[in-house]
Amino acid sequence: MTTLLSLKNLTKRFGGLVAVDHVNFDVEAGAIVGLIGPNGAGKTTVFNLITGNYRPDEGDVIFDNQSIKTLPTHKIVSLGIARTFQTIRLFHKLAAIENVLAGCHCRMQSGSLAAMFRTPTQRREEHQALQTALKELEFVGLQSQADQLAENLSYGNQRLLEIARALATQPRFIILDEPAGGMNNQETAALIQTIRNIRDRGITVLLIEHDMSLVMEACEQLVVIENGAKIAEGDPQAIQSDPKVIEAYLGTDEE
Amino acid sequence: MELFIQQLTNGLAVGGIYALIALGYTMVYGVLKLINFAHGDLFTIGAYLGLTLLTTLGLTNYLGPFGVVIVLALMVMGLVAIVGAALERVAYRPLRQSHRLSAVVSALGASIFFQNAVMLIYGARYKVYPHDILPRTAIHIFGLDIPLIRLLMLLTSIVMMIGLYLFIQRTKIGTAIRAAAIDQGAAKLMGINVDRVIMIVFLIGPALGGAAGLMVGLYYGQINFTMGWLYGLKAFTAAILGGIGNIPGAMVGGLLLGVIEAMGAAYISIAWKDAIAFCVLIIILIVRPTGLLGERVAEKI
Amino acid sequence: MKDKRLVIYAVISVVLLLSPLFLNAYWVDVLNNVGLYTILALSLNIILGHAGLFHMGHAAFYALGAYTTAIINTTYHIPILWLLPVSGLVAGLAALVVARPIIHLRGDYLLIVTIGFVEIVRIALVNNVFGITGGSNGIFGINRPILFGWKINKPWEFFYLIWGFAAVTIFLFNRLENSRFGRALNFLREDDVAAEGSGINTAHYKLIAFVIGAFWAGMVGNIFAAKMTIIAPESFNFWESVVLFMIVLLGGRGSIRGVILGAFLVLGLPEIFRQFATARMLIFGAFMVAMMIFRTEGILPPLPRKYPIAKMLGREGSA
Ligand SMILES: Nc1ncnc2c1ncn2[C@@H]1O[C@H](COP(=O)(O)OP(=O)(O)OP(=O)(O)O)[C@@H](O)[C@H]1O
Ligand SMILES: [Mg+2]
């Protein structure tokens, strides 16, 4: 197995707070990995460091044998890392299909001049993008709501739409921040299947989730952080019985 | 050296005016995150109301020069505060939940409205303040003759600023204003009546702006219905210079901008005076967008 | 529904096209101004409407175009219409230089910086910068444009030049809106972070929006200079920028038809209500406030983009 993503001594401080504290872990290509920990542990901050939304104070992010810690976010996306947001960040006033087209953007070429003169290449590209977008909507089961405004979708469907948008960037690696947040049991069960389908397309998955049933069922490997530092790593069974993890969760009155 | 000190005092006096107006911008921005474009026109209204009261009430028959100015200032501040609160009620409150651009346009509309209302009432020509209200004497310090009125102006604006600062820092209402500026939602949960806070901000800011208008009338002796724009823009520059939303910042920014401008006019070129202010603004925003006293915060994602 | 709209557009276009036949020179000139402001506001619409960048200094780019034409035409006598792309390029380059350092600023900061920029440009023109702008008197003796040997001189001749230019602009900008480029601007307007996180180079698109908007404003400056034959700094003051800003927001940001209507209302209504000459701006200000309260999105907000979704799904279904 080859390592796709590797975090090396990753550290981020906000003023006096060490949100991420010398975190190290690797993600193997083709795996489904869960990043868990109590509220405020620094999970989302790790994601933001991977995607270039924040810059690390120390350490490095290696993706596909290349350091990406200084690259701008859109470059990181075009290298093949896609993400969803914990607080859903869709383009609310735009149609579902356009939200997915946003993801197609980085695999397209035509610029403003091509658009004004509507060159044959530009038209072909638009057509292909639309097909890709529809295909991704179908993949998450939202094709029937393609022309609905994003804000009119149900909460669970908005999460799925974010996943479709991320998939439209044709990533090799997708990171999902609490994808089941706000979903009911049925939706969560369907989501687990979707996550597996994503992996079966050859896309590596890293996800943050508080829903332990999802984590235990979907993930093959878990990384646990608390107060910014990694406290455990391993397969779900081992993690479940790890005393440090139990203490971290019980100690903070979680779940 | 003489030129330097003259320009310094002049710059501080004008800077005091900028600071007073800037306080209105910064307080409103603090709680509403809105540039109140009509604020410069409230300043104009202050100048015109001062003139009307001065020429119609005949205060000079009963009071000495300082008594006249103090009574005048209180009346102007009260009246402009009412206009300010009405402005908030009519033009901004209905837009609290809308897109921020809408409030900006509404503010521009209000500005056009006020400017033209003043023009319709008072005419488009320059109006002249009676120039014998305050003694036109000069004070002899550092071997220089500095106009008394200039020092009085500086003193007045500093007194008002300190008063406001204490009000904001020491009183309950002041604390509520600071809380609402940091996080309106949380302030609401803590039982703060945010509507009332906003109303108070729209009383204080315009009152200070109105006072500044009166001071400009007394100092320069000439007023015009369009004067609010340039003063307003410069005062907003001052607010950004100091760090918008930051009350001491507006004071420092105003005084600093006044001095920079006065020095630029003296040592660079008077024709470029207004451009200097804007260049300062652009440089500050590029180099330190949070202003001199603002803090840098990373956007939470 | 769609057909009805097309009929309305067609009728309006035909009436507009024939209007010089039944209007006197004064009103044709009013329509010429409406046309110039329509194009200017459409160019601002790319920046303000589509990309959502609070830009209140558009008159600066307009001024740069007009002065480029005026200076080169009066000194080297190069024909006006040859200078059309040159004026656009100068304004576009200026946008590239000016916008780059300020593009990342938050909304209101950008607003105030662009106001500062337009004021600096105006002051520079008044101060006869480099000795070539003619100070506050401006530049006079600018030639009339000659199109295929026809000298454009009278208001009705300018009418067809200006509205022809407007038609081309509408055609091109409509295509621009409905493309990867137009969508990218909307994405970053709606949510900058999400757009960047979806792989869109937001800084680049903001910059290009500025450059395209400025390019067009520069070209309008060229035609304005030729129409007036004399230009002065006061034509490009801060208020011109405010008027353009208002047109876009009242008409409907991001909406071509809205912006056109906005230009007619903002420039046309004051002309119609001339008898209330002094009070019209007062009413106008009050109207702006009311408009924002009761119809925030503007009079004619943009229609959603159309995609042949049903057709594509249908084809896949039958395959
Ligand atoms: N931009 C920021 N500025 C200041 N502090 C921040 C910022 N972003 C995150 N933090 C802080 O860093 C810590 C970790 O936050 P983070 O969002 O990464 O936690 P999390 O593990 O995702 O928690 P949750 O499960 O609640 O989503 C928190 O204390 C948070 O307040
Ligand atoms: Mg989180």
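Lettering of chains follows the sequences in order, A, B, ..., and the numbering in each one begins at 1.
The contact between Ala124(C) and chain B is made by backbone and side chain atoms together, counting heavy-atom distances below 4.5 Å. If you measure heavy-atom distances from Tyr29(B) to chain C, the contacts under 4.5 Å come from the side chain alone. Looking at Leu108(B), the atoms closer than 4.5 Å to chain C (heavy atoms on both sides) sit in the backbone and in the side chain alike. When heavy atoms are compared at a cutoff of 4.5 Å, Phe287(C) does not approach chain B at all. Only the side chain of Val242(C) comes within contact range of chain B, with heavy atoms under 4.5 Å apart. Using a 4.5 Å cut-off between heavy atoms, Ser102(B) touches chain C through backbone and side chain atoms alike. Interface remark: Phe294(C) contributes no atoms to any contact with chain B (heavy atom separation under 4.5 Å). For Trp229(B), the part sitting under 4.5 Å from any heavy atom of chain C is the side chain, from C-beta outward, and nothing else. With a 4.5 Å cut-off on non-hydrogen atoms, Leu285(B) touches chain C through its backbone and its side chain both. Ile293(C) touches chain B through backbone and side chain together, each having a heavy atom under 4.5 Å away. Contacts of Leu282(C) with chain B are made by both backbone and side-chain atoms, with heavy-atom separations under 4.5 Å.
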Verdict with supporting geometry, His58(C) and Ser43(C), side-chain contact (heavy atoms from CB on, under 4.5 Å): CA-CA 9 Å; His58(C) 213 48; Ser43(C) 69; 2.9 Å; yes
Using the ring pair (Phe, Tyr, Trp, His ring centres under 6.0 Å) rule, take Phe202(B) and Tyr92(B) through it: C-alpha gap first, then chi angles, then the decisive distance, then the call. CA-CA 11 Å; Phe202(B) 269 96; Tyr92(B) 302 150; 5.7 Å; yes
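Taking CZ of Phe236(B) as the start and CD1 of Ile35(B) as the end, the distance is 3.5 Å to the nearest 0.5 Å. With rounding to the nearest 0.5 angstrom, the CG atom of Leu281(B) is 8.0 Å from the CG atom of Leu241(B). Taken from CD1 in Ile46(C) to NE2 in His55(C), the straight-line distance is 12.0 Å, to the nearest 0.5 Å.
When the options Phe236(C), Tyr67(C), Phe117(C) are evaluated for a ring pair (Phe, Tyr, Trp, His ring centres under 6.0 Å) with Phe61(C), the one that passes is Phe117(C).
For the residue pair Ala91(B) and Ser106(B), the shortest heavy atom distance occurs at O-OG, 2.9 Å.
Judged by distance alone, with hydrogens and angles left aside, the side-chain atoms of Thr52(B) form a donor-acceptor pair with the main-chain N or O of Tyr48(B) at under 3.5 Å.
Contact count against chain C (heavy-atom pairs under 4.5 Å) is highest for Ala271(B) among Ala271(B), Pro94(B), Cys279(B). Here Val105(B) is the residue among Leu233(B), Val105(B), Val90(B), Leu34(B) with the most heavy-atom pairs under 4.5 Å with chain C. Chosen from Ile102(C), Ile115(C), Leu250(C), the residue pairing most often with chain B at heavy-atom distances under 4.5 Å is Ile115(C).
Judged as a salt bridge (charged side-chain N to carboxylate O under 4.0 Å, His left out), the pairs with a partner in residues 224-241 of chain B (not counting sequence neighbours) are, in order, Lys234(B)-Glu261(B), Lys234(B)-Asp274(B). Screening residues 238-247 of chain C for side chain to side chain donor-acceptor pair (under 3.5 Å), with sequence neighbours left out, gives Tyr37(C)-Glu240(C).
Scanning for salt bridge (Lys or Arg N to Asp or Glu O under 4.0 Å) contacts around Arg122(C) gives Glu119(C), Glu234(C), with sequence neighbours left out.
Salt bridge present: Asp195(B) and Arg96(B) bring a charged side-chain N and a carboxylate O closer than 4.0 Å.
For residues 18-26 of chain B, a heavy-atom distance under 4.5 Å to chain C picks out no residue at all.
Note: Tyr122(B) and Phe225(B) fail the aromatic proximity criterion, with ring centroids not under 6.0 Å apart.
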